[in-house]
Amino acid sequence: MDQVFPRIPSGCAISGMIDRSGGRMTGEAIIASIALMHERSNGLGGGFAGYGIYPDFPEHYAFHLIYDSETARANTEAFLASRFAIDASEPIPTRPVAGILDPPILWRYFLAPKEELVHGKDRPADADDFTLRAVMHINHSIAGAYVASSGKNMGAFKGVGYPEDIGRFYRLETYAGYSWTAHGRFPTNTPGWWGGAHPFTILDWSVVHNGEISSYGINRRYLEMFGYTCDLQTDTEVVAYLFDLLGRRHGLKFQEICLALAAPFWKDIDRMPEPARQKLTAIRMVYGSALLNGPFSIIVGNRRGITGFNDRIKLRPMMAARKGDMVYMASEESAIIEVCSSPDEVWAARGGEPIVAELYDNAARKIARAS
Amino acid sequence: MGVASQLPPEFIVRVDRERCIRCKRCVVNCGFGALDFRNGVVSDDTKCVACQRCTVVCPERAITIEENRLAYKANAYWTPLARKNILKQAETGGMLLTGMGNDNPYPVYWDHLLIDACQVTNPSIDPLREPMELRTYLGRKPDALSFDLATMIGPQIKLDTPIVFAPMSFGSISLNAHLALARAAQAAGTVMNTGEGGLHKDLYSYGDHIIVQVASGRFGVHSAYLNQGVAVEIKIGQGAKPGIGGHLPGEKVPLEISETRMVPQGTDCLSPAPHHDIYSIEDLSQLIYAIKEATGYSKPVSVKIAAVHNVAAIASGIVRAGADILYIDGFRGGTGAAPTIIRDHVGIPIELALAAVDDRLRQEGIRNQASIIVSGGIRHSGDVAKAIALGADAVAIGTAALVAMGCRICQKCYTNNCSWGIATQRPELVKRLDPDEATEHLVNLLRAWSLELKEILGSLGVNAIESLRGSRERLRGVGLDAQTLEILGVKSAGR
């Protein structure tokens, strides 16, 4: 991978939706929503993440791979076979779409880590960590191979093109999930490769992002301390890894992660009542290097739900709406109205204040039981 | 020095006799006895150090100091300094002493680093309209927070701006200077550092803004002292004289210094080169924990070292030994007195040391266990921003603070003659330094630099100092070779 331009600043459109009761919807609505914001993209990248889309393999790590060549596929499959039981392996179904040119080799695998390796001597005794290291290895060390997603019962579908074309290319109308996010990209500098499109994912975390992470340099160095390598030529990558580090490994809640990544100002923290003041002070002391600075609006997904949030002084747009069990978030209100003509409630996200929309507990239990 | 000295004067004092009103103010003000009044002002140029006191106090601006340029015939190799030093040593047989930091033309890496700014794709932020945060906490941070288990965060020093005053002892500088530093630290929301000479009892009330130091001589160290400050610092070394001890001559030990340092009046205060209870890293760890015990684990413990060749490994050991703050002083760092040969030839630049230490601690996954303070030639807020981008939590300023109080960097601190009342214990000189005015100047300096830091952050499109800290992506190098760029962890400009 060419390392000359290790970070690509970009503008963008984002959209996300979730049925909190766990009802599953096809990819058509999310395509319609992101398509409306066509002007915010320039055809150099689009992508989607869907959750709950692989009910037949709910406990397998679903790997979506992007390959430049058959050699890369052979090398990657040899590596995967050495670490995982490959219970299914198939090309990701696509259809020809005008405007999607020269697609790479797209493959997916349903993987179960080999128990003896996960728990072996000097190995991380955690299947998620084991899988994360495998993803890092492929992205870092196998030329021409890139992991688009690696979570359970979820997948990322992305590439170079307008997002609506990408959605049709991947036949998203044939999938059904309880939450979806989407991204249309307007990169200001690009080598135009499929791995560079959003969402960025690690395990079941996915991130779509409009804006620029001006604190990328320190966010990246902070993550490297915890074993994450940032190879994907984009600042958005660090957001996915920060959610994984703080959420999965440090056990912070969605709300708390957002408080670390887009922390309130000291002037506001100083006026908070205890114990909030103490808690926020501690978050800023410990997670200062994780603070995301610069203009951004972001929608983060994981198995529990989606969270939208803005930078601290709201330099990028983000609207949200609710209709019954459905929650929507998008760069523009019109992108929500396009798929939900009469929401119960519409509001603008405030700077630094996360909008958390998670599955209801019983819905989450039901989805977990089904697996 | 005998009458037979062959040393020509370094400077020539010119008094414009037509403008001179014969007020004798210059004569009274010269701390070095270079001026006399014999039917008009006359000078003994050999005593002049170019401290500029006379030129400033002369109401008629009748005095100028000039370099005695042709004292030595030009020679690109045998510089005037080299010849002068040989002459001095030939006459005296002694080590040469000096004050302040290394003034030789070694590379200045700060001046080969340039800062990024936003254009179009990300908006810059106007610090006049938006909050811009400089607050910094120094001390050990846990790897992660766990709210269920109520993670304990160790004691921290809260700074309103990431600039602290460097350690300068009461002894090397005057009580008025110490007082001004303490007051300014309090007013500006930062800290001063006692240096190794203890803390005068009149300054105890500023304890919340003072780091108290424990050095190899243990002068003025007792339980109340340790508990008076906001942190305790173990001084292993300083950039101007790594591996060298200290020597405060008995003439600089009048009553108040003797009381503060707990030594008899007029006694030489000799700080040994090593701490005699620290001969290895595990000994350092014992002292760190002895101090933590003595202060009830209520204060962070800092360890100050000079930047030397193997600084990264040493730093790692210090953090693992239990230090909460690591203070690294580069080879440009100042001193009240040091052998010139050591000051000018030992140690390494702070820029390279900082980059290496920050990298090393990150590689080992222990960067969060200690905050890093760096010092050694920080001249302006641009240096501060670059140091923070390279990975420092805060910088310390010594020379810059002295200059703000009036110092002209004449480098004669070890003579006790400071005409500005800063680096002297002579009562008639000390009283020249008005602590109120000096405080105001120090506060002004910190305010000005903080405003400039906010402008730099705003132009970078970030609104908190922690988004610049360690963010070397926002620096580029100019005119540096590939290996230096690699050590600094920055790309070349254009990349």
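Proteins come first, then strands; the chains are lettered A, B, ... in the order of their sequence lines, and each starts at number 1.
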Atom group of B:Q363 that falls short of 4.5 Å from chain A, counting heavy atoms: neither
Under 4.5 Å from any heavy atom of chain A, what part of B:I465 do you find: side chain, backbone, both or neither? neither
If you compare all heavy atoms of B:G365 against all heavy atoms of A:M225, which two are closest, and at what distance to 0.1 Å? CA-CG, 3.7 Å
Counting distance only, does the side-chain N/O of [X] pair as donor-acceptor with the main-chain N or O of [Y] below 3.5 Å?
X	Y	result
B:N122	A:G211	no
A:R221	B:R362	no
A:S215	B:S467	no
A:Y287	B:L145	yes

Given that the side chain runs from C-beta out, which part of [X] has a heavy atom under 4.5 Å from chain B: side chain, backbone, both or neither?
X	value
A:F226	side chain
A:L315	side chain
A:R249	neither

Validation row: A:M285, B:T136 side chains within 4.5 angstrom (heavy atoms): no
Could you check if a side-chain atom of A:V286 sits within less than 4.5 angstrom of a side-chain atom of B:I153, using non-hydrogen atoms only? yes
Relative to chain B, which of A:L245, A:T281, A:L291 shows the most heavy atom pairs under 4.5 Å? A:L291
For each of B:A464, B:A389, B:S124, B:C118, tally heavy-atom pairs with chain A at distances under 4.5 Å, and name the one with the top tally. B:A464
Pair A:E224 + B:R367, salt bridge at N-O below 4.0 Å: no
Below 4.0 angstrom, N of the basic side chain to O of the carboxylate: do B:E466 and A:R284 qualify? yes
